[in-house]
Trainee: 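Below is the structure I would like to discuss, written out as structure tokens.
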Amino acid sequence: MGAIDIRGITWRLTGPVFLLALALPHARAATPSPGDSTPSPRESIQSPGRLPEAAIRVFIEPIAVDGLGTRSLGAEIADIFPGDAGVLGKSVTLRSRVEGDPTRENLELTIRVSPSLREQGDCELLIDARVSLAVAGASAGRNPPAVRKMTNLQVGPDEERMIEVYESAATGGRLALRVRCGPRPTGTEVEEDPRVDFVLSIERADGEGPFEILTSKVLTTGIGREAKNLFSINDPLPGSEQTGKRYRRERFEIRIAPELLSAGRLQVVVEVDGEVAVVSALDPIVVHPIWHRETAVVAPGEPRTIDIEIRASAKDEGWSLLRYRLQIVAHFEPR
């Protein structure tokens, strides 16, 4: 359980967080013919077409319509992970339209929102709104049950929807919700959030052999920033009269961007960009591009593993299969 305090309003986050693991397809690059341009990594390897389980930004504005006219009760914004729920509480007094001494009704409005993103880019909101009389003490037990309205809304990009959740028999007043939602904007630096240390390790296995550690280091960054690491290694390959001396060049650039810290969990984007290339004295360079991107939600100390397989495109490259294992462990102070 965790909470986000936004403008004095507490959004409580409940429920499990789904983790997203995008499996990288095997990289298979054909040997380029003379005159062909080397394809870019992004064009050569694409991640599967699955929706990232990233936070969804939800906008809710409760609106009262009564003897005072139409007025906003304050717009609130919360970033909620799919599978979680945000809970917003508001106190409101509705007044009748009678002049002099209008009837007043003190209410507690509780809104529970569970968002998800659809493939076409729409946002789906499950809204559970409850309205109850705000009476304390012994009289509270004699109050009528809360009025509850559950709504399942599908909201398109840049679309705004309005739903009515309560109509008072005592005052004639009404309560409604104005809602919007969509993917949370990225790239905003949040200075008050703590720093995040990422332990990055890269292992490699030749064919079906065991993994061996190539490098391990600690990268430090903050929410809304990005940590980078460039790793490269050259391994000699057997040559021949046709190829001359040759070697295999392996290069990885790993970019890690923490985006959101909420309810003790961290949303982070990991991007791997690189290549495995066979460089020889006599033949053209053969390039096997690599590109992988995924969004993950992790707890402190929880490892995130990315497995990558690269296969040679011809039998005479001097190697057949390379397997890489990247492991990232985030260390941060939960909030």
Side-chain angles (χ1 to χ4, degrees), residues 1-15 55-81 84-116 122-182 184-185 262-263:
M1 290 286 226
I4 305 178
D5 187 68
I6 303 175
R7 302 176 192 164
I9 304 298
T10 299
W11 287 81
R12 299 190 303 278
L13 300 183
T14 61
I56 301 170
R57 176 154 291 182
V58 178
F59 169 95
I60 293 187
E61 183 182 13
I63 295 174
V65 182
D66 62 358
L68 297 179
T70 301
R71 64 188 190 278
S72 171
L73 302 179
E76 306 296 337
I77 298 174
D79 296 319
I80 306 172
F81 293 129
D84 278 356
V87 181
L88 170 65
K90 288 278 189 179
S91 298
V92 58
T93 299
L94 295 180
R95 295 169 175 82
S96 66
R97 299 180 183 273
V98 178
E99 296 183 2
D101 187 17
T103 301
R104 288 174 171 81
E105 187 178 36
N106 298 321
L107 302 171
E108 293 293 337
L109 170 63
T110 303
I111 308 161
R112 182 184 177 92
V113 184
S114 301
S116 60
D122 293 348
C123 180
E124 188 170 343
L125 292 177
L126 178 61
I127 300 175
D128 183 358
R130 303 190 185 203
V131 180
S132 59
L133 289 176
V135 179
S139 300
R142 297 193 295 269
N143 284 346
V147 176
R148 181 181 183 186
K149 181 172 183 180
M150 295 189 67
T151 308
N152 198 327
L153 283 182
Q154 186 170 328
V155 184
D158 302 319
E159 183 183 5
E160 186 173 84
R161 299 287 298 275
M162 180 87 77
I163 60 171
E164 184 174 307
V165 296
Y166 178 73
E167 183 173 2
S168 171
T171 65
R174 291 175 293 156
L175 293 176
L177 304 177
R178 190 197 311 272
V179 297
R180 296 196 304 268
C181 67
R184 176 184 182 270
S262 173

Trainee: Sequence neighbours left out, what passes side-chain contact (heavy atoms from CB on, under 4.5 Å) with Ile163? Give chain and number order.
Mentor: Ile127, Thr151, Leu153, Val165, Leu177
Trainee: I need the minimum non-hydrogen distance between Gly156 and Asp122, along with the two atoms involved.
Mentor: CA-OD1, 3.5 Å
Trainee: Of Asn106, Thr171, Asp66, which is the lone residue that meets side-chain hydrogen bond (donor to acceptor under 3.5 Å, both in side chains) with Thr93?
Mentor: Asn106
Trainee: Taking salt bridge (charged side-chain N to carboxylate O under 4.0 Å, His left out) as the test, write out the residues that go with Arg95, two or more places apart.
Mentor: none
Trainee: Using the salt bridge (charged side-chain N to carboxylate O under 4.0 Å, His left out) rule, collect all pairs that involve residues 164-179, keeping only residues at least two apart or in two chains.
Mentor: Glu61-Arg178, Glu160-Arg178, Glu164-Arg174
Trainee: Report yes or no: does Lys90 contribute a side-chain atom to a donor-acceptor pair with the main-chain N or O of Pro62 at less than 3.5 Å?
Mentor: no
Trainee: Just to verify, what does Ala170 make a side-chain contact (heavy atoms from CB on, under 4.5 Å) with, not counting sequence neighbours?
Mentor: Glu105, Ser168
Trainee: Got a donor-acceptor contact below 3.5 angstrom from the Arg180 side chain to the Val155 backbone?
Mentor: no
Trainee: I'd like to check the side-chain contact (heavy atoms from CB on, under 4.5 Å) partners of Thr70; sequence neighbours left out, ordered by chain and number.
Mentor: Ile63, Val65
Trainee: Take atom CG in Asn152; do more than 12 heavy atoms of anything else shown fall under 6.0 Å from it?
Mentor: yes
Trainee: Just jot down the side-chain contact (heavy atoms from CB on, under 4.5 Å) partners of Ser116, sequence neighbours excluded, or say none.
Mentor: Glu124
Trainee: Are any non-hydrogen side-chain atoms of Leu109 and Tyr166 less than 4.5 angstrom apart?
Mentor: no
